[in-house]
Amino acid sequence: MSYQTFGWLAVGLASSLPATHAQHDFTQYVNPFLGSEGVIPGQAFGGGDIFVGAALPFGVVKLGIDTYEFPTNISTLNGGYTPKGKVTGISMLHESGTGGAPKYGFPAQMPLTTIEAPVNLLDNETYWQGRVGYDVASVGYFKTNLESGITVELSASRHAGILEYTFPEGEKHILVDTSHYLPYPNRAYDSQFYTGGELEILQNGSLYTGYSSIANGWNLGTPVIIYFCGEFDSVPNDAEAFTGRNTFPVGRHFRSFNNGTVPNPIFEGTTARSGPLSNRVGAVFSWNNSSSVKIRSRIGVSFISTEHACAFKNDEIPSWEISPVVQAARDEWNRDVFSKIQVPVDESANRTRLAMLYSSLYFSHLIPSKRDGENPLWQSDEPSWDDFFTMWDLFRNQVALWLLIQPAYYEEMIRSLIDIWRHEGYLPDGRSGNYNGLVQGGSNADNVLADAYVKGLRGAINWTDGYLAVKKDAEVLPYFDFNPVAPLGSLKEGRGALDDWIPLGYVSADRNHLCVSKSVEYALNDFSVSQIAAGEMPGDQDIYMKRSAGWQLIWNHDAVVRNFKGSLAPRFSNGTFDETYDLTQCGDCNWADYSYEATPFEYSFVVPHDMENLIQFMGGVSHFEDRLDYIFQPNTSNAELGANGLGITSIMNIGNEPDFATPYLYNYINKQYKSVQRSRSLGYQYFSNTTNGIPGNSDAGALNTWLVWQMLGLYPIVTTPVYLLQSPWFPDINLTVNHNHTLRIRASGLDDSDGRQGYYVQSVEINGQPWTKNWFQHSDLDIMTRGGEIAFELGPEMTMWETGEVPPSPGHVVLGDSTGGF
Ligand SMILES: *[C@@H]1O[C@H](CO)[C@@H](O)[C@H](O)[C@H]1NC(C)=O
Ligand SMILES: *[C@@H]1O[C@H](CO)[C@@H](O)[C@H](O)[C@H]1NC(C)=O
Ligand SMILES: *[C@@H]1O[C@H](CO)[C@@H](O)[C@H](O)[C@H]1NC(C)=O
Ligand SMILES: *[C@@H]1O[C@H](CO)[C@@H](O)[C@H](O)[C@H]1NC(C)=O
Ligand SMILES: *[C@@H]1O[C@H](CO)[C@@H](O)[C@H](O)[C@H]1NC(C)=O
Ligand SMILES: *[C@@H]1O[C@H](CO)[C@@H](O)[C@H](O)[C@H]1NC(C)=O
Ligand SMILES: *[C@@H]1O[C@H](CO)[C@@H](O)[C@H](O)[C@H]1NC(C)=O
Ligand SMILES: *[C@@H]1O[C@H](CO)[C@@H](O)[C@H](O)[C@H]1NC(C)=O
Ligand SMILES: *[C@@H]1O[C@H](CO)[C@@H](O)[C@H](O)[C@H]1NC(C)=O
Ligand SMILES: *[C@@H]1O[C@H](CO)[C@@H](O)[C@H](O)[C@H]1NC(C)=O
Ligand SMILES: *[C@@H]1O[C@H](CO)[C@@H](O)[C@H](O)[C@H]1NC(C)=O
Ligand SMILES: *[C@@H]1O[C@H](CO)[C@@H](O)[C@H](O)[C@H]1NC(C)=O
């Protein structure tokens with residue numbers, strides 16, 4: 001089969017759109033396929049797990065194809081899209097860059113050219129479709145050709161989508177299956193499953209309304225009920241609703257008939273309900289007017305009611321034309337996202353870099369979803385956001401970018417997070433389908449709130465409550481949620497290992513999972529709590545500052561790893577270290593191991609609040625530098641990354657979040673040129689404008705945002721107001737900060753074309769003043785609030801240009817006795 005999945009919308013639709021907008025069209029640089037493939041060509045496995053389709057920034061609707069990919073033991077369906085998978089439906093809700101089991105993939109339509117046997121409307125394997133030719137995608141637009149000869153084009157508004165089907169001559173049918181969702185072929189416990197639906201056919205078949213209810217997914221959520229309202233631009237000749245016995249194999253807690261034979265639909269007229277047996281529910285709409293080839297459909301969705309869904313459809317997509325919807329999407333992306341970071345786009349610009357920058361920005365604005373007025377759980381005047389995947393990924397640097405360039409959205413997100421605590425008792429780490437879960441380590445919403453707090457974000461955020469919310473994380477052990485992957489400690493929310501952390505000061509190897517990574521994360525979480533306490537509850541500040549030193553209690557000063565002395569190490573509750581454990585490994589690096597997604601040796605660099613102690617613990621500046629140098633060497637990694645590893649053989653692994661800040665740590669010993677050297681080569685080596693142009697799962701845009709900061713020449717040390725100076729990839733960058741102020745970043749002397757290395761910093765000026773430190777703070781010279789200019793002088797010499805103080809360690813705590821509690 002000729003499959004060629006990269007496509008590009010260059011002419012056609014684009015040229016037919018009116019050029020009425022003075023705004024530069026940055027959407028032309030976005031490659032929506034960046035990250036759609038992994039290391040195995042044609043396979044999504046090990047790629048970005050991204051959504052490919054039509055969406056607005058933080059849109060509720062992300063409209064795209066759902067596919068089923070073989071071989072299933074390495075399939076990745078998280079974003080719905082796979083390069084070669086068979087299309088099982090086209091659905092409204094998706095996530096982008098999630099791991100674990102897929103979430104969403106509903107409600108759906110599927111266009112068919114026949115519904116006669118062997119097609120069975122209850123069995124997608126009898127009607128699913130391969131694709132031919134190129135898929136085409138651009139911001140706000142997606143097009144694919146099915147083997148059946150049907151062409152599908154899509155665009156989306158915030159709560160609605162428009163689908164345009166071009167059928168070949170002959171029969172035309174559109175299947176609506178309320179029980180369609182993105183399955184998880186690899187395992188059952190976290191796979192989504194269907195729990196019921198309803199459908200009503202109205203207006204002679206040109207309209208249908210109803211709901212789907214689908215439970216579970218990566219965060220093991222309660223059922224998500226999504227109401228829909230779909231309309232066709234022509235009245236079908238026939239429209240019939242049906243039910244069918246539910247034989248999905250994974251209907252945990254709901255009726256299903258495991259391993260039953262696939263049933264046939266029972267046609268019911270104009271309405272169908274699932275009833276107490278969770279029957280499957282759907283409808284098929286048929287046209288037999290052979291002179292009409294196009295059928296268009298508009299669908300609105302709501303978490304509240306079909307009335308809301310119909311209103312969204314009518315208000316947001318008032319006509320049957322797809323191009324105004326595409327144009328509106330592009331305008332919004334340009335206005336709200338891309339124009340916030342402007343770089344030269346003239347003839348001299350390197351177009352690959354434009355693609356990398358604007359595609360990265362695109363993927364860092366797909367989730368969370370902004371769901372104002374669409375919270376089915378409680379009434380509130382606060383904004384409602386969902387699909388946070390997850391604070392563990394986002395806190396490292398993505399929230400710091402939103403704070404700068406999306407202060408309005410970001411303030412809403414924080415208010416929404418606090419409102420979740422208000423009504424459900426805990427801030428989420430992950431949240432999706434209006435349900436908290438899963439926690440990968442600490443309660444990292446604490447870091448998110450602290451980062452906003454120390455940078456002065458106030459607005460309508462109730463910080464009195466914000467403080468109470470993070471204090472809850474620090475003090476109250478969440479109830480145990482019996483997640484099968486983690487017999488010790490809750491994964492739903494909060495800190496499941498507080499039962500160690502509070503009495504021992506560290507997370508033990510025998511009473512909890514993830515003792516190393518949780519200790520490191522809880523330490524930073526408590527530092528975060530102390531930072532908010534400083535303003536909101538000063539009497540508490542010291543308590544949490546002391547607890548933030550807990551990482552020191554699992555520092556084994558006697559451990560020797562690859563000739564380096566001292567490392568974080570698993571420590572039992574009786575105080576002894578697990579000396580048998582290889583600190584350059586992490587087993588599966590998963591829920592029940594000693595550390596998550598990185599080895600103890602890597603986590604030993606992850607103490608951003610107290611680098612001063614860390615460097616001392618590693619034996620001082622030169623030992624610290626040697627150890628940093630070492631982890632970048634090829635063939636040093638001992639962890640098994642498999643096909644997911646993108647050929648990374650160094651201990652330093654840019655594909656997973658724990659190491660995100662590590663390449664920049666040379667700034668802490670005033671050797672900024674080495675940070676530039678290391679981080680830039682990671683940027684060059686692992687990021688590109690290709691389908692596998694990011695090193696692994698995009699993690700909701702976390703990896704993409706790492707690249708954005710790299711290209712800006714800055715790196716934020718989150719939970720503190722510090723930005724480390726690096727080296728920009730563009731000679732001139734205008735960043736819109738604090739709503740409407742311009743921070744200009746200039747780089748004279750930059751010359752890295754054709755492999756030249758003219759990107760080392762020679763000197764820096766901020767607002768015209770010589771700047772001798774390799775960092776600055778958010779409030780310095782007000783540049784992040786009122787704008788200003790950072791001027792880099794770059795060149796090929798590796799220079800120790802900085803003479804000022806090293807970056808601060810605001811969480812510096814000296815423990816009296818570092819071998820036994822506080
Ligand atoms: C990004 O790569 C795609 C696929 O090769 C290409 O079509 C597109 O033009 C590139 N983008 C830019 C801005 O160069
Ligand atoms: C997936 O299954 C195939 C056989 O169908 C096998 O060759 C391959 O090793 C498996 N891959 C993984 C990662 O389990
Ligand atoms: C489609 O068929 C596959 C294979 O039988 C099944 O696992 C899956 O749940 C079905 N539904 C969807 C939406 O893929
Ligand atoms: C349905 O079709 C009939 C016959 O063509 C027509 O009289 C009626 O108005 C239609 N009803 C709606 C709600 O469109
Ligand atoms: C389904 O049932 C048949 C007959 O009992 C059995 O042979 C088969 O292994 C079962 N399949 C699954 C997936 O459980
Ligand atoms: C169109 O299809 C309907 C339902 O299948 C059928 O009743 C009708 O006769 C068909 N009309 C034509 C002109 O083929
Ligand atoms: C059949 O298609 C033609 C051309 O699109 C249209 O004018 C006519 O109204 C259609 N008839 C029906 C019954 O849908
Ligand atoms: C940045 O803004 C300045 C001042 O408005 C302007 O002169 C310059 O061309 C802009 N640079 C870019 C890359 O847009
Ligand atoms: C913050 O919210 C609490 C209720 O949760 C309320 O009592 C308090 O007045 C609010 N503070 C401000 C400044 O609005
Ligand atoms: C401490 O606990 C570990 C794990 O339970 C055990 O193997 C070790 O012998 C204990 N050491 C002492 C000194 O009690
Ligand atoms: C800048 O944005 C802020 C916050 O939205 C607003 O209050 C202010 O009026 C804006 N200023 C200008 C000059 O647009
Ligand atoms: C353009 O940028 C890419 C990505 O950094 C780089 O690989 C390429 O060499 C650059 N092209 C030129 C002509 O400098």
Side-chain angles (χ1 to χ4, degrees), residues 64-73 75-78 80-82 85-94 101-110 119-129 175-188 191-194 197 200-209 212 214-217 231-239 244 246-251 256 258-263 270 280 282 378 380-382 414-415 417-425 458-469 471-472 535-537:
I65 56 173
D66 292 335
T67 59
Y68 200 83
E69 182 188 43
F70 293 100
T72 55
N73 62 350
S75 85
T76 303
L77 307 179
N78 296 61
Y81 187 87
T82 56
K86 289 183 185 298
V87 176
T88 59
I90 302 157
S91 74
M92 302 291 283
L93 302 186
H94 289 96
K103 186 102 182 168
Y104 299 143
F106 51 83
Q109 289 187 351
M110 180 69 189
V119 169
N120 177 352
L121 298 177
L122 295 178
D123 181 359
N124 69 42
E125 293 186 38
T126 65
Y127 61 74
W128 59 22
Q129 291 289 311
L175 168 67
V176 174
D177 177 1
T178 70
S179 65
H180 170 96
Y181 57 85
L182 287 171
Y184 196 23
N186 302 335
R187 63 179 187 227
S191 172
Q192 296 189 104
F193 57 89
Y194 171 75
E200 185 172 8
I201 295 170
L202 302 157
Q203 294 182 12
N204 292 340
S206 63
L207 191 74
Y208 66 92
T209 59
S212 285
I214 311 284
N216 217 40
E231 187 183 3
F232 301 106
D233 69 338
S234 62
V235 176
N237 300 86
D238 197 19
N246 181 358
T247 55
F248 286 136
V250 293
S256 68
N258 198 344
N259 197 19
T261 50
V262 181
T270 56
R280 293 177 62 185
W378 60 82
S380 169
D381 293 332
E382 292 299 281
I414 293 194
R415 289 169 62 192
L417 292 172
I418 294 171
D419 212 37
I420 291 164
W421 160 81
R422 223 175 254 132
H423 290 89
E424 295 196 347
R458 296 295 181 268
I461 299 169
N462 183 330
W463 278 113
T464 312
D465 280 3
Y467 179 66
L468 293 176
K471 188 178 164 89
K472 171 92 177 268
E536 300 299 322
M537 195 69 73

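Atoms within a ligand are numbered from 1 in the order they appear, just like the ligands themselves. Position 1 is the first residue of the sequence, and the numbers go up from there.
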Peer 1: Quick check: Asn462 and ligand 9, any N/O pair under 3.5 Å apart?
Peer 2: yes
Peer 1: Out of Asn124, Val250, Leu182, who gets a non-hydrogen atom closest to atom 1 (C) of ligand 3?
Peer 2: Asn124
Peer 1: Which atoms from ligand 9 have a heavy atom of Arg422 less than 4.0 Å away?
Peer 2: 5 (O)
Peer 1: Output the list of atoms in ligand 4 that are nearer than 4.0 Å to some heavy atom of Gln203, sorted by atom number.
Peer 2: 13 (C)
Peer 1: Can a protein heavy atom be found under 4.0 Å away from atom 7 (O) of ligand 9?
Peer 2: no
Peer 1: Do any non-hydrogen protein atoms sit less than 4.0 Å from atom 14 (O) of ligand 4?
Peer 2: yes
Peer 1: For atom 4 (C) of ligand 9, what's the nearest protein heavy-atom neighbour? Residue, atom name and distance, please.
Peer 2: Asp465 OD2, 3.6 Å
Peer 1: Within the 4.0 Å heavy-atom shell around Tyr181, which atoms of ligand 3 are there?
Peer 2: 12 (C), 13 (C)
Peer 1: Atom 10 (C) of ligand 9: protein heavy atom closer than 4.0 Å?
Peer 2: yes
Peer 1: So is His180 polar-close to ligand 3, meaning N/O to N/O under 3.5 Å?
Peer 2: no
Peer 1: What is the minimum heavy-atom distance between Ser191 and Tyr184, and which atoms define it?
Peer 2: OG-N, 3.4 Å
Peer 1: With heavy atoms of Asn204 as the reference, note each atom of ligand 4 found under 4.0 Å away.
Peer 2: 1 (C), 2 (O), 3 (C), 8 (C), 10 (C), 11 (N), 12 (C), 14 (O)
Peer 1: Look only at interatomic distance and state if Glu125 has a nitrogen or oxygen under 3.5 Å from any nitrogen or oxygen of ligand 3.
Peer 2: yes
Peer 1: Indicate the atoms forming the closest heavy-atom contact of Pro263 with Asn120, along with that distance.
Peer 2: O-ND2, 2.8 Å
Peer 1: Around Asp381, counting heavy atoms of other residues, nucleotides and ligands shown, do more than 12 lie under 6.0 Å from its CG?
Peer 2: no
Peer 1: Would you name the heavy atoms of Ser206 and Ser234 that are closest together and state the gap between them?
Peer 2: CB-O, 4.4 Å
Peer 1: Taking the six-membered ring for Trp, are His423 and Trp378 parallel (under 30°), tilted (30 to 60°) or perpendicular (over 60°)?
Peer 2: parallel
